[in-house]
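Each residue takes its place number in the sequence, starting with 1. Keep in mind the model is a prediction, meaning the values are calculated, not measured.
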Amino acid sequence: MSFLSLLCRSLLAILSLTLPLCAAELPAPEGPALLTVTGQITQTNDGDSARFDRAMLEAMPQTSFTTRTIWTDGEQRFTGVTLHDLLAALGATGSVIRATAINDYAVDIPYADWEGGGPMIAYSNNGAPMSLRDKGPLWIVYPYDSDPAYQSEQVYARSIWQLERIEVME
């Protein structure tokens, strides 16, 4: 695949994700907000931030994969929205995000991690919503079994559960 072809495909993918949001403003959450995104984004629904309830996340392009984690037993089937899709839909322009959990644990995740798919913001594990006790309601999960590079201490540290906030930084 030529560079120009790859570039065109990437631009079309980005446009397909952002045009629906551009055509209609990002709606306000109707249920409890699970995730707040701030920083270098163009789509907002609450001042300078974008807030999402579960239904809003489920309405985005979904992805699923099965993988093992170091925190669970056996293979787990996760469903959610890729970090790439979420940030593209918000018009994020930063090169790193700071993900923060409900308990204020925070970790920085570089653009290189989400540019080619990679991690998702999972809202379902084995077909069920995740409770706070089960690392939910949102958990950044990588497809650990698909690439040995995802089986590192650095990636495990980025696999933040009980995700509550994302700040898109420069």
Side-chain angles (χ1 to χ4, degrees), residues 6-29 31-65 67 78-102 104-125 130 135-144 146-147 149-150 152 154-170:
L6 182 61
L7 178 63
C8 288
R9 292 180 72 177
S10 298
L11 288 173
L12 287 173
I14 290 170
L15 287 173
S16 70
L17 292 172
T18 57
L19 283 177
L21 287 175
C22 292
E25 294 195 19
L26 185 65
L34 301 178
L35 178 66
T36 300
V37 183
T38 60
Q40 304 297 314
I41 58 175
T42 60
Q43 296 293 317
T44 62
N45 61 7
D46 185 18
D48 293 337
S49 66
R51 300 178 68 209
F52 291 86
D53 62 15
R54 183 178 175 88
M56 294 169 69
L57 292 171
E58 290 174 339
M60 298 187 76
Q62 290 186 18
T63 192
S64 294
F65 55 73
T67 191
F78 293 98
T79 301
V81 58
T82 67
L83 201 50
H84 176 271
D85 287 348
L86 176 81
L87 295 172
L90 292 176
T93 57
S95 60
V96 65
I97 63 166
R98 175 159 296 146
T100 305
I102 291 171
D104 290 330
Y105 170 80
V107 64
D108 292 346
I109 302 174
Y111 174 78
D113 274 25
W114 76 78
E115 70 177 325
M120 76 163 80
I121 300 173
Y123 48 75
S124 174
N125 182 10
M130 295 178 289
K135 302 175 178 35
L138 303 176
W139 183 2
I140 293 182
V141 180
Y142 289 71
Y144 309 101
S146 71
D147 187 337
Y150 291 140
S152 70
Q154 188 175 47
V155 169
Y156 294 145
R158 294 174 182 162
S159 302
I160 183 170
W161 55 72
Q162 298 175 339
L163 175 69
E164 182 180 58
R165 301 180 308 269
I166 291 175
E167 178 183 3
V168 181
M169 304 186 306
E170 291 185 49

Heavy-atom pair of closest approach, residues [X] and [Y]:
| X | Y | answer |
| --- | --- | --- |
| Ile166 | Leu83 | CD1-CD1, 4.1 Å |
| Val168 | Gly94 | CG1-N, 3.5 Å |
| Gln43 | Ala50 | O-CB, 3.7 Å |
| Ile140 | Ala99 | CD1-CB, 4.1 Å |

Side chain proximity check, [X] to [Y], heavy atoms < 4.5 angstrom:
| X | Y | answer |
| --- | --- | --- |
| Pro110 | Arg158 | yes |
| Phe52 | Met60 | yes |
| Asp108 | Met169 | yes |
| Pro119 | Val155 | no |
| Leu26 | Thr44 | no |
| Asn45 | Arg51 | yes |

Revision key, fill the gap. Rounded to the nearest 0.5 angstrom, the CD1-CD distance for Ile109 and Gln154 is 10.5 Å
Practice item. To the nearest 0.5 Å, tell me how far Gln62 CD sits from Tyr123 OH. Key: 3.5 Å
Review point. With Ala59, which residues qualify under side chain to side chain contact (heavy atoms under 4.5 Å, CB included), at least two apart?
Key: none
Practice item. With sequence neighbours left out, write down each residue that passes ring-ring contact (aromatic ring centres under 6.0 Å, His included) with Phe78, or none if nothing qualifies. Key: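 So Phe78 forms a ring-ring contact (aromatic ring centres under 6.0 Å, His included) with Trp139.
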Exercise for review: Give a yes-or-no answer on whether the side chains of Tyr142 and Asp113 include a donor-acceptor pair shorter than 3.5 Å.
Suggested key: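 On atom types as modelled, these side chains qualify, holding a pair under 3.5 Å.
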Check your understanding: Thr67 and Tyr150: side-chain donor and acceptor closer than 3.5 Å?
Key ->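 On atom types as modelled, these side chains do not qualify, holding no pair under 3.5 Å.
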Check your understanding: Is there a donor-acceptor pair under 3.5 Å between the side chain of Asp53 and the backbone N or O of Pro32?
Key -> no
Exercise for review: Determine, step by step, whether Trp161 and Tyr105 satisfy the side-chain contact (heavy atoms from CB on, under 4.5 Å) criterion, reporting the C-alpha distance in whole Å, the side-chain angles of both residues, the deciding distance to 0.1 Å, and the verdict.
Suggested key: CA-CA 9 Å; Trp161 55 72; Tyr105 170 80; over 6 Å; no
Check your understanding: By side-chain hydrogen bond (donor to acceptor under 3.5 Å, both in side chains), which residues pair with Asp48, not counting sequence neighbours?
Key ->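 Residues passing side-chain hydrogen bond (donor to acceptor under 3.5 Å, both in side chains) with Asp48: none at all.
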